[in-house]
Amino acid sequence: MATRKLQRAHSADIHALHALLKERVKELQCLYGVSELIERPGVSLEEVLRGTVELVPPAMQYPAIASARLLLEDTAYETERFEETPWRCVAGISVDGEPSATLEICYLEDPGSGGADPFLSEERALVDVLAERIGTIIERFRAQHALRKSEEGFRQLVMGAFFGMSIVRNDQVVFRNPEQERLFGAMIDPAVPLALSSIHSEDQDRVLACYEKIASRDAQCADVTFRFHPPDQVTARTELRWGFCRISAGRYRGDDVVIISVMDITRLKELEQLVLIQDKMTSLGRVAAGMAHEIRNPLSGINISLATLERLFRGGADTAEHREIIGSVQAASKKIEGVVRRVMDFAKPHEPNLRLVAINKLVDDTTKLCAVSLRKHGVSLDVSLAPDVPLCQCDEPLIVQALVNLVTNAAEAFSETQKERHIRISTGCVGDRAYVEIEDSGPGIHTDLQERVFEPFYTTKSIGTGIGLSICRRIIEDHRGTLAIQTTELGGASFRIELPGGTTA
Ligand code: ADP
């Protein structure tokens, strides 16, 4: 009898233990379910929260009548049937230390607790654990979202930046923005961090040294200015641009990297050059004005004396020969006066005296003026005038002066070479602009010198003054035009003048 009693009591214990274990297993399944939810690739916070709410009722003692709701700010995530009832278990959820949400579990009817708490203490503990877990999950998702947003913002900033940027990790390029591609062309090999083939040969060592200093962490940051050929010019190597480069040590996705930023400063350099030239022109103008003043006074004296002499001769021994000599001296003196006036004009800021003229006519005038000198240098001239060149607002003598100067320079350049002596002058138009090109088969001008030759006083000739080209450019710019050096199939130099077409006669 006693044994049976004992057996009954024992089987009741086992039954209760079994029931208890079943409850614990359900709770563990709920927690495991939440972990599984978070691990799902690409899962959103909303999906995790919705899924978590669905996992709670099955973990309760009476799953058939259990409902759950998670209230986060203005959003409610709830099971299909949710009602606030008196049989309720609630836990607050803190996010970043602030109470932000609640997790509620309600039985939709009395589970037969008879007024006592229908939730087991283990169930309340589970709801608390879940609430804490949900708080951590929300924090994690929000931090990830903020990080993604900031990475996205940074990426947008870098992708649209007006400077080129490369990130180099272990000498391998791992990122390059579109501006870097525009400056140096598409990347051929990620193991080549610097586009050395685009960089001017004289600047390559400096750029490399700068990179190596940062890559070896000898310094945190270094700047270098260099010249480079744009991607479509790397083989021809005609066009040169200027780059300002900052190389710095940094971190990218947890690794040490080298960041190479490059800004195209060609325009800035051009302006710098222009200011330099203008400075020199101003001082040249001052010197010229002084010289012109000194020459002008004695020149007026000479003219007055010549006029007196002429009058005296007319009164007495006036012969045709005397008059001719005096006439030619007077002409020479007037010519000098004209030159002096031109120099003085040059010293002042000049407003050209504009008239609508045909560029072809000015080329004609130029070839006539240069004919003798070209013959003397043994140069053959080929003139090709386009019929449809627009009329341009020009100060005729000034444009002819510039053209004569360019043709004379071309002719003089042949003295340095044994090559065939040929000059071609051609005209044409691009849109509403007229152009004149003066090409020669001479020695040409090295790319590195193509801006220097426009600097006042730059000359390679033993008796040169070095102001011809600077005056030419000044004249053309006063006409709102451009004067630039190009390459020519004739093998020498080519100077191209472009002038805006005028509209009224
Ligand atoms: P200058 O003729 O007195 O030297 P310029 O300003 O006219 O002064 O020219 C400057 C320099 O530009 C010249 O000394 C020469 O080296 C170079 N140059 C100009 N035109 C040519 C050309 N057609 N071919 C080669 N070099 C040229």
Side-chain angles (χ1 to χ4, degrees), residues 237-238 240 270 273-274 276-285 287-288 291-292 339 342-343 345-347 350 363 366-367 369-384 397-427 435-479 481-498:
R237 305 192 89 77
T238 41
L240 259 185
E270 278 169 3
Q273 184 75 3
L274 210 70
L276 194 86
I277 289 179
Q278 267 167 3
D279 262 11
K280 283 195 181 181
M281 293 292 265
T282 313
S283 50
L284 169 72
V287 173
M291 268 166 52
V339 172
R342 184 80 46 86
V343 169
D345 283 352
F346 174 67
H350 188 80
V363 171
T366 307
T367 52
L369 281 168
C370 297
V372 178
S373 144
L374 291 180
R375 219 172 302 125
K376 204 175 88 193
H377 283 93
V379 179
S380 68
L381 179 69
D382 163 23
V383 180
S384 145
L398 286 181
I399 296 291
V400 172
Q401 180 190 333
L403 289 171
V404 168
N405 195 89
L406 295 175
V407 174
T408 312
N409 270 352
E412 286 173 358
F414 292 122
S415 61
E416 296 170 31
T417 166
Q418 298 302 314
K419 288 162 89 178
E420 185 203 353
R421 302 181 166 206
H422 187 59
I423 295 178
R424 179 163 67 203
I425 308 181
S426 45
T427 59
Y435 72 79
V436 187
E437 243 166 41
I438 295 142
E439 300 161 79
D440 64 63
S441 59
I445 300 171
H446 194 272
T447 327
D448 295 358
L449 294 175
Q450 288 186 354
E451 269 312 305
R452 281 206 70 193
V453 291
F454 290 103
E455 285 179 19
F457 308 120
Y458 176 83
T459 182
T460 52
K461 300 170 193 166
S462 52
I463 52 151
T465 58
I467 59 167
L469 285 180
S470 57
I471 291 179
C472 284
R473 191 171 247 186
R474 157 98 182 256
I475 290 172
I476 302 303
E477 281 172 357
D478 281 346
H479 284 74
T482 54
L483 171 61
I485 299 179
Q486 297 186 320
T487 47
T488 165
E489 56 184 24
L490 296 187
S494 166
F495 284 82
R496 181 182 168 105
I497 294 178
E498 265 191 42

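When a ligand or atom number is given, it counts from 1 through the structure's own listing order.
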Review point. Would a distance-only check, ignoring hydrogens and angles, find a side-chain to backbone donor-acceptor pair under 3.5 Å from Asp440 to Ile423?
Key: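 Answer holds: no.
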**Study point:** Backbone of His377 reached by a side-chain donor or acceptor of Arg421 within 3.5 Å
**Key:**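 Yes; judged by distance alone, with no hydrogens or angles, the pair exists.
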Check your understanding: Roughly how far, to the nearest 0.5 Å, is CD of Glu498 from NE2 of His479?
Key ->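 Rounded to the nearest 0.5 Å, the NE2-CD separation comes out at 15.0 Å.
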**Study point:** Ligand-residue contact atoms, ligand 1 with Gly444, heavy atoms, under 4.0 Å
**Key:**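 Checking each atom against Gly444, I get 25 (C).
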Check your understanding: Any idea which protein heavy atom is nearest atom 2 (O) of ligand 1, and the distance to it?
Key ->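 Scanning the protein heavy atoms, the shortest distance from atom 2 (O) of ligand 1 goes to Lys461 NZ, 2.6 Å.
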Exercise for review: Applying side-chain hydrogen bond (donor to acceptor under 3.5 Å, both in side chains), name anything that partners Thr488, two or more places apart in sequence or on another chain.
Suggested key: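 Here the qualifying residues are Glu439.
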Practice item. Considering heavy atoms of the protein only, find what lies nearest to atom 18 (N) of ligand 1 and give residue, atom and distance to 0.1 Å. Key: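 Answer, as residue, atom name and distance: Ile445 CD1, 4.0 Å.
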Check your understanding: What is the closest protein heavy atom to atom 8 (O) of ligand 1, and at what distance does it sit?
Key ->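 I find the closest protein heavy atom is Gly466 CA, 3.2 Å.
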Check your understanding: For atom 17 (C) of ligand 1, which protein heavy atom lies nearest, and how many Å away is it?
Key ->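 The closest one turns out to be Val453 CG1, 3.8 Å.
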Practice item. State whether the shortest distance between N or O atoms of Pro443 and N or O atoms of ligand 1 falls below 3.5 angstrom. Key: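 By distance alone, the answer is no.
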Point to revise | Arg496 to Tyr435, cation-pi by 6.0 Å centre distance and 45° axis angle | key: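 Yes, Arg496 lies over the aromatic ring of Tyr435.
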Check your understanding: So which heavy atom in the protein is nearest atom 23 (N) of ligand 1, and how far is it from that ligand atom?
Key ->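 Atom 23 (N) of ligand 1 sits closest to the protein heavy atom Asp440 OD2, 2.9 Å.
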Check your understanding: Would a 4.5 Å heavy-atom cut-off, applied to side chains only, mark Ile471 and Asn405 as touching?
Key ->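 With C-beta onward as the side chain, the pair stays apart.
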Point to revise | Those atoms of ligand 1 less than 4.0 Å from some heavy atom in Ala413 | key: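 Near Ala413, the atoms of ligand 1 are 22 (C), 24 (N), 25 (C).
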Practice item. Report the distance from atom CG of Leu490 to atom CD1 of Ile438, rounding to the nearest 0.5 Å. Key: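 One gets 12.5 Å once the value is rounded to the nearest 0.5 Å.
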Review point. Given Leu369, which of Val404, Leu403, Thr408 fulfils the side-chain contact (heavy atoms from CB on, under 4.5 Å) condition?
Key: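 So the option named by the test is Val404.
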Practice item. Could you tell me whether Glu412 and ligand 1 have an N or O pair separated by under 3.5 Å? Key: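 Looking only at distances, the answer is no, because the N/O contact criterion of under 3.5 Å is not met.
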Review point. How far is atom 14 (O) of ligand 1 from its nearest protein heavy atom, and which residue and atom is that?
Key: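 Result: Thr460 N, 2.8 Å.
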Exercise for review: Tell me which one of Phe495, Phe414, Tyr458 gets a heavy atom nearest to atom 10 (C) of ligand 1.
Suggested key: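 It is Tyr458 that holds the nearest heavy atom.
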Practice item. With rounding to the nearest 0.5 Å, note down the distance linking NZ in Lys419 to OG in Ser441. Key: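 Here the rounded value is 6.5 Å.
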Check your understanding: With a 4.0 Å cut-off on heavy atoms, does Ala410 reach ligand 1?
Key ->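 Flag set, Ala410 near ligand 1.
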Point to revise | Protein heavy atom at shortest distance from atom 20 (N) of ligand 1 | key: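 Its nearest protein heavy-atom neighbour is Asn409 CB, 3.4 Å.
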Review point. In the protein, which heavy atom is nearest to atom 4 (O) of ligand 1, and how far is it?
Key: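 Answer for atom 4 (O) of ligand 1: Thr459 OG1, 2.5 Å.
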Check your understanding: Going by the atom numbers of ligand 1, which of them fall below 4.0 Å from some non-hydrogen atom of Leu469?
Key ->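 In order of numbering, the contacting atoms are 5 (P), 6 (O), 7 (O), 9 (O), 12 (O), 19 (C).
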Review point. Is there a donor-acceptor pair under 3.5 Å between the side chain of Arg473 and the backbone N or O of Phe454?
Key: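 Not a single qualifying donor-acceptor pair exists.
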